[in-house]
Amino acid sequence: MYTLISLKQRRCPSIWEASWRSILSLPIGALILIIAAVIFGAPWELEHSRKTAYWGQLISAIVALPAGIVLGGSWSEWLRLLAFTRPRGVLEYSICIPAHGAVIGAWFGAWPMPLDWERPWQEWPVCVTYGMAGGFFAGEILSAILVLVNSHEKSD
Amino acid sequence: MELKQEQRMLCLFLYISGLHGIGIFVFTRGFLLTRNELPLFSHCDDLQHDEVGCNLAYMLPSISNSSSFHAVSEEDDCTRQTPTKPKHIATKPHCWTPPAVKKVVILVFDALRFDFVAPSSLLKDKKRPWMDRLQVVQKLISEESSRARLFKFIADPPTTSLQRLKGLTTGSLPTFIDVGNSFGAPAIVEDNIIKQLTSNGKKVIMMGDDTWLDLFPSQFFQAFPFPSFNVKDLHTVDNGVLENLFPALYEDNWDVLIGHFLGVDHVGHIFGVESTQMVEKLEQYNKVVEDVIAILRNESQKHDETLLLVLGDHGQTLNGDHGGGTLEEVETALFAWSAQQPTHPVSQSCDSSCISYLDIPPSLVRESNYCICNFQQLDFAATFAALIGIPFPYGSIGKVDPQLFGLVARMWQPSQHNNTDMDEDKMPMVEWQKVYNTVLCLNSWQVNRYFQQYSKSSINGFSPYDLDILHTFYNDAQSFSREWSVRAANLDAEMALLSSGLARYTKYLQAAAALARSKWTKFSDGLMTYGVLVVLISLLIQIKAIYMLFVLGSASLPAKFEDYRNVLPLQEMITDGFIFGLMSAGASTVVYILVHVIFGGSLFSKPQFVMISLGGTILGTAKSYLFKETLQSTCYTKNRMLRNCWTKWFAYPNLIGLLAVFFCCIHACSLLSNSFILREQQVVTFFLVSLGFLDLRMAMQQKSKVLQALCFVVLNFIMSALSGLNFLKENGYQTRETTSGMSISSHTPSIWQFVFAVSTVHVPFIAIGCAFVKSLWRSYFFSRRYSKVVVLCGLSCTYAAICLHWLLDDLNTLKFLCIPGPCQKFARLLIPRAVYSIVAFLTLLVLCNIMDTKIHSEIQLKTFFEEASLALVAVLSSLILLLLGRHGPIIALTAGLEAWCLLEKQSLYASPQHYQADKKQSLYTSPQHCQVDIKAAVDYLPATIQWSLFATQVFFCTGHRCAFDGLHYAAAFIGFDHFSIYRQGTLLALDTFGASHILPILSLPLLVAKRAPPLRITWSNQFYKMQISQALLTFDLVRTITAAFTTVCVTIQRRHLMVWGLFAPKFVFDAIGLLVTDVLVLFAFLSVIWPSLH
């Protein structure tokens, strides 16, 4: 939410445009991320579909929504941020790095799932969500540090 | 004579394979204990045919003619029934031993801990909630000590139900691999008590755990099996047993009744021992035992000579685990209660093996006059057979237990003959000892017969030294029976003689059991460590070899003569190996002699001596290879290269390489956990997809091959989804889903079924065939025109023939057409055989082509490798597809597409921007060309790891599992009806390793061709060969890492619950896979370098 607030202050796409982008980017991002998760081996049978859908909305809200609002439909911008990881400016740092962190965290979060400890948190998507949240916050902190360091360098 | 580089490379491959072979062989000798099952059975009339050498007068009235002997009880019985002593066996009243009981009720409580049953006052621990719940047992052993007895029943590991039931019924020590004639089915082919019961006309009723039916599919007179694999179900099996048990007790139509309760085992697995459910279960069992005993007492006319045995097959830990060899798991209880009132109680002394009552107040001892003895499960079969009067199972190595045998057998041993004026007290004791001596004599004879037969008929029998010792014991014991026939004058002397005989038989039987135990149940830690170390050394050597090739590939050109030596410093290695081997041999000899002189014992045997010397040799060669200074001639290049490497190391493609290595290591580490082994398919898919996404990212960066990278990821998913749909999968312990492609559509009309079959089987199959033929059509690889035509025709023929084979089969099963019998037979048997021979012929043809190709220019080399491997793969894949069966084609099509995407993606790594540097530079300026060549020495790690992961995924997607029941036994019988171990074994191996080892390794040159940059004149003419050997070595390395981790894991987890269920099969598959990989890598290497070897 920090991202959202900062975004509205800095770049200011009009509030209507921002909401329009957010409405579009949330389901599209969710769809793409759900497909990716299923390819990674998330359950896609009917009985799990609801959980998977909720999880998709969540990760989309973290990864795709902020980026969607800021970047809009520009493919080259998306490529620059997500394929090359070359963010420019404070705003993009605070979008790009937490998004990467969330994805990587979710990836690590999937590790304990096959273990047979039979704990409730091992169920899909609980630990993946924990990993995602952890990665996201780590990314936030990292991006803050990077922004600080960069601003120092610039001032020097 | 100096060796050429190729020959050195060949030696390197041979060296690595040799190390793997030695390591795995030694490890297997220490870990996988094998036992051969002898398909021999004991018979009633064995005693007449063979030279038993026992004084059977006490036991077999029809043999003994010494009627002057004291009329021993059962002889009286027999003569009463058959007064004329008939010679016919059929009318003989009993077989080896006279039956002491008529009926036996066996209640098996799975995972019954000893302290569930034993009185808590007996145990050293403080009282816990689960103790003293089986009150009825404790009451009986204290109140009716002459007819009830509790034993500590000691199991041998592996303590899993199936192995234990096998052990209990055969009287042997089941190992992990019991080599028998059964091809996959767990049914017992060895002699066992159930078999003996049936063949001696006794009727056996079984109720409970369906494992019994797996083991004895047809022997039971009546069976009420209940499913055992659902651990969470606590009551189904138990209630099922209870429903059938009590009615059966009122019936009179059985001789042996087996009731197997699973509740305690399942409660242990789910809730653990310290749970309220466990207490409830035990109280329920208490009730069961009480009721059973009440019925046995009330129905005394039916059960006057009935024996009740309550036993556990193994114990469990407090967490409910079992399988290993800890005391908690091994110790279980056996409770025996005889319905018959003893004619005269004989108090038996508690010997040293029994728990003494010392720490309990004497008043308690006086009022409860009983003791608890140890009883080996090994002895159960023999004791049971002796009690019910059937021949001992052929492979039984147990000893008839004196306590249990005495408890029950005393009852048919009356003391009514008072013709001699002997001491009234001692008389029954002497009689008892005589009978027991005879039984032990028979027992020893039978055990000795088994040992001799076993060493005669199996390759890995016992060592002659041990057998000699055993034989002296046996001769000693047998000499007793001769002494015995000259009977002693007075009772005391006779008694002394008898007990000395007893001691000798016991000594022999115990020695035999100890020998068998050391052979079949004890891991040899030394051998296992040795094996693991050798495999780890080979791992280091492989890493070094890859590094060496990497450096050589990037070294200055043209490669100087001494560079070749760096591939494999053969002379140094031989010298060093020889020196080290000699040194270790010498040292061990000195130590041996010293120990022999000082202590007088022998420290190690001949094989150990050989092992030590071999270890020295391996160390020597490894040392000289590993610590050799690489490339003195290119020292400066090395420095430069290292510097360059580090600067370039974290560039994105290298990062992917690092991550790939990381994934590979994580995958290997994950094999240390049973859950990850169980889910290995998902794990592999996960890593493969991760690499796929990284590649996708790189493709997006370079804006090329995006589609292929995307397709790779998607196809990956499609492939696992397809395999999930099509195949029978066992999901751990949980459920078995049987949704095969055909059964989905079993309700639809047959025309749709046919269309379904055609679209999933035939269309993909034809597509694969066409793809191969088309790609070969364009190739220039065949040196002579006619061979190309022959290969193409043959290939089309095989594909058409396999298609026809399936089509006819489909039409027949769907009742579409009525196909005449001979035609069916033709389709079923002849077509596959024809395919086998055509494929063999084509393979030979392709190999011949490879051999006599002359390479005219280096430019041709790349296409040559590519097309040669393509031709081999095309020919072999038709065979493998035939073996994989109907589910094969669609998976194979997906896999083929995926492989194509993977190959296409490789150009990302070799894309121009990585090589732009050398375009700008002129060719022979030295610093730059070093730089250039560094990049030319392509690192195959990421690509090969991906390829290897992909191969593993194909293994799982084609429906294989790392378990012996996951083998496709049906594939071995395609084209054949009859079993022959070599033929069917080969087919099975081709089916198992075909798609995951043979095809990927043979197609590795394709990967290299896609990956490597186009040839330039600057590179030495060895370039592609080096590249291919580098790729082959890397593939081998990846597989070695996995196999090495599996080996280490098995070593660590050798006492784990799942070791026999999961780790050991995984180890076997990985080890065999590694050896197959070695052989194939060698083969691929040979086929690649052959043209230039001359």
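Order of the sequence lines fixes the chain letters, A, B, ..., with proteins taken first and strands second; residue numbering starts at 1 for each chain.
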So CZ of B:Arg679 and CE of A:Met113: to nearest 0.5 Å the spacing works out to 7.5 Å
Count the heavy atoms belonging to other residues, nucleotides or ligands that lie under 6.0 Å from CH2 of A:Trp121, then report whether that count exceeds 12. yes
Residues B:Thr685, A:Phe40; criterion side chain to side chain contact (heavy atoms under 4.5 Å, CB included); working and verdict: CA-CA 7 Å; B:Thr685 312; A:Phe40 266 109; over 6 Å; no
If every non-hydrogen atom of A:Trp107 is compared with every non-hydrogen atom of B:Phe663, which pair is closest and at what distance? CH2-CE2, 3.3 Å
Whatever's closer than 4.5 Å to a heavy atom in chain A on B:Ser690 counts as both
Closest contact, heavy atoms only, A:Pro114 versus B:Ser675: O-CB, 3.1 Å
Can you confirm whether A:Leu115 sits close enough to B:Ser673 that some side-chain heavy atom of one is under 4.5 Å from a side-chain heavy atom of the other? yes
Proximity breakdown for A:Ala110 and chain B, heavy-atom pairs closer than 4.5 Å: side chain
Which bit of B:Ile666 is near chain A, if near means a heavy-atom gap under 4.5 Å: side chain, backbone, both or neither? side chain
Taken to the nearest 0.5 Å, the spacing of B:Leu710 CG from A:Ile39 CD1 works out to 7.5 Å
